[in-house]
Amino acid sequence: MASITIRDMSVSYNKKKTYVIKDLSLDIKDGEFCVFLGPSGCGKSTAMHCIAGLLHPASGEIRFDDEVMTFVGDKGKNKTFVPPQERNIAMVFQEYALYPNMSVRENMSFALKTKKIPKAEIDRRVDYMAEMLSIEPLLERRPAELSGGQRQRVALGRALVRDPQVFLLDEPLGNLDAKLREQVRYELKKIQEQLGITTIYVTHDQTEAMTMADRIVLLKDGLIMQQGSPNELYNHPADEFVASFLGTPQINIFSCDVRQENGWLVLDGGAFRIRAPQSAQASLKAYAGRKVNLGIRPSDFELVQEGADAIPVQVDSIEPLGDAYLIYVRIGRKVAVVKYAGETAPAEKELLLEPNPAKLHLFDPDTRKRIND
Ligand code: ADP
Ligand code: MG
């Protein structure tokens with residue numbers, strides 16, 4: 001196991017200095033489950049390939065513990081580069097290829113045999129990992145005799161028996177159906193915890209990131225937008241992009257005028273007006289007379305009969321989720337979505353909704369950065 005340190009890493013696929021990763025610095029702790037999250041094309045796989053040693057960055061440094069894996073100094077000088085096979089990493093991709101003519105046991109043993117590890121030790125490791133992954137009954141089967149989920153488990157097992165110090169997974173569950181994905185997700189996380197293996201997991205799926213990560217690194221256009229625990233990013237998004245990327249349905253964003261009323265700052269959204277919470281008064285001062293973007297998550301509204309900060313809405317449509325309802329509403333001309341956890345859906349066409357004042361997110365409309373603490 002190892003910690004991973006990345007310093008000022010920039011990566012380009014051409015020599016024209018168009019960087020797909022720009023000055024990325026990151027510290028991943030020993031044993032941490034770190035998720036690279038972001039939209040397609042933001043540089044997740046590129047960053048991972050550099051850590052694996054499949055790609056040379058244009059500049060920067062990567063260390064596993066104190067050992068330098070990659071170093072490229074200014075103007076490409078003083079290079080150090082440990083080749084992938086000497087980094088003691090294991091990788092699993094969405095398109096994992098098992099050897100079709102080998103049994104599951106042979107598939108899982110293959111890399112260990114080439115390393116000349118004694119047979120008894122190979123069997124011990126394969127049996128242990130097969131038990132962890134609940135694939136013991138499948139050990140003598142060929143890949144063609146397995147379901148997609150079973151094959152994916154074999155691919156994970158084949159990587160893990162090598163006892164790598166770093167485990168790299170690039171959208172490994174993409175081929176599985178939703179139910180199976182949930183199950184493998186849970187098992188993968190459990191095994192990672194038991195083995196304590198430093199893991200980087202690439203996904204564009206915010207649910208996978210929220211459920212599995214110790215730390216999420218949210219990327220956009222090759223830059224880290226925010227990193228932290230799932231709760232930190234969800235409850236305290238550093239900007240509007242992070243706020244919108246995490247959470248489903250997406251956070252509602254309202255453009256509001258900031259006004260003074262009797263010495264108190266209020267947010268005027270046209271069709272509604274709410275007092276800014278005490279905790280936001282100081283940081284909002286600079287915005288008096290200007291606009292801010294107000295973010296409210298669908299689950300942060302309460303249905304009320306009356307209230308000074310209640311927002312009047314018209315119900316457009318209601319979707320039952322089983323344990324809750326999604327209520328699509330109009331607030332003036334704007335459409336918003338509310339997650340309502342009541343037993344039955346409200347029958348009225350007009351409702352009053354009160355946002356939880358402790359859960360308002362305020363963003364600068366120009367920089368999109370968070371304003372309130
Ligand atoms: P992600 O994994 O987040 O979807 P990638 O790391 O694959 O994103 O890609 C980041 C950017 O680099 C994208 O703009 C992509 O088009 C570009 N890119 C990826 N691989 C190559 C390549 N082999 N050659 C040129 N450009 C590439
Ligand atoms: Mg990718």
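Sequence positions, counted from 1, serve as the residue numbers for this chain. Both ligands and their constituent atoms are indexed starting at 1 by order of listing.
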Asks: Between D239 and R368, does any side-chain N to carboxylate O distance fall below 4.0 Å?
Replies: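 Looking at R368 together with D239, the answer is no, because their closest N to O distance does not fall below 4.0 Å.
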Asks: What is the distance from atom CG of L112 to atom CZ of R162, rounded to the nearest 0.5 Å?
Replies: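 So the CG of L112 and the CZ of R162 are separated by 8.0 Å.
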Asks: Looking only at protein heavy atoms, which one is nearest to atom 7 (O) of ligand 1, and what is the separation?
Replies: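 Scanning the protein heavy atoms, the shortest distance from atom 7 (O) of ligand 1 goes to S45 CB, 3.8 Å.
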Asks: In the protein, which heavy atom is nearest to atom 23 (N) of ligand 1, and how far is it?
Replies: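 Going by distance alone, atom 23 (N) of ligand 1 is nearest to Y13 CE2, 3.6 Å.
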Asks: Looking at atom 18 (N) of ligand 1, tell me if a protein heavy atom falls under 4.0 Å from it.
Replies: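 Under 4.0 Å from atom 18 (N) of ligand 1, at least one protein heavy atom found.
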Asks: What protein N/O/S atoms sit under 2.8 Å from the Mg ion (ligand 2), by chain and number?
Replies: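 Checking every protein N, O and S atom gives S45 OG.
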Asks: When you look at K369 and D364, which way does the salt bridge (charged side-chain N to carboxylate O under 4.0 Å, His left out) test go after all the steps?
Replies: CA-CA 5 Å; K369 294 272 176 243; D364 184 298; over 6 Å; no
Asks: What do we get for V20 next to ligand 1 when only non-hydrogen atoms under 4.0 Å count, side chain, backbone, both or neither?
Replies: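 Answer for V20: side chain.
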Asks: Is atom 15 (C) of ligand 1 less than 4.0 angstrom from some protein heavy atom?
Replies: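 For atom 15 (C) of ligand 1 the answer is no, since every protein heavy atom stays at 4.0 Å or beyond.
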Asks: Between R370 and S283, do the side chains contain a donor N or O and an acceptor N or O under 3.5 Å apart?
Replies: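 Result is no, nothing qualifies.
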Asks: Could a heavy atom of C42 be found less than 4.0 Å from some atom of ligand 1?
Replies: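 It does; at least one heavy atom falls under 4.0 Å.
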Asks: Please evaluate residues R105 and D123 with respect to the criterion salt bridge (charged side-chain N to carboxylate O under 4.0 Å, His left out), reporting the C-alpha separation (whole Å), side-chain torsions for both, the decisive distance (0.1 Å), and the verdict.
Replies: CA-CA 9 Å; R105 180 181 290 283; D123 285 343; 3.6 Å; yes
Asks: Picking from V313, I311, L353, what satisfies side chain to side chain contact (heavy atoms under 4.5 Å, CB included) with F272?
Replies: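 By the side chain to side chain contact (heavy atoms under 4.5 Å, CB included) criterion, F272 pairs with just one of V313, I311, L353: I311.
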Asks: Run the salt-bridge test on D309 and R275 with the 4.0 Å N-O cut-off and return the result as yes or no.
Replies: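 Between R275 and D309 there is a salt bridge, with a charged N closer than 4.0 Å to a carboxylate O.
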Asks: Do L303 and F301 make a side-chain contact, defined as non-hydrogen atoms from C-beta onward lying under 4.5 Å apart?
Replies: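 With C-beta onward as the side chain, the pair stays apart.
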Asks: Could you verify whether a donor N or O on one side chain and an acceptor N or O on the other, from E208 and Y201, lie under 3.5 Å apart?
Replies: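 E208 vs Y201: donor-acceptor pair found between side chains.
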Asks: Salt-bridged, K189 to D214, with N to O below 4.0 Å?
Replies: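 Salt bridge present between K189 and D214.
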Asks: What protein heavy atom lies closest to atom 10 (C) of ligand 1? Include the residue and the distance to one decimal.
Replies: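 Checked against all protein heavy atoms, atom 10 (C) of ligand 1 sits closest to G41 O, 3.4 Å.
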Asks: Please write down residue, atom name and distance for the protein heavy atom closest to atom 5 (P) of ligand 1.
Replies: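 Closest protein heavy atom to atom 5 (P) of ligand 1: T46 OG1, 3.5 Å.
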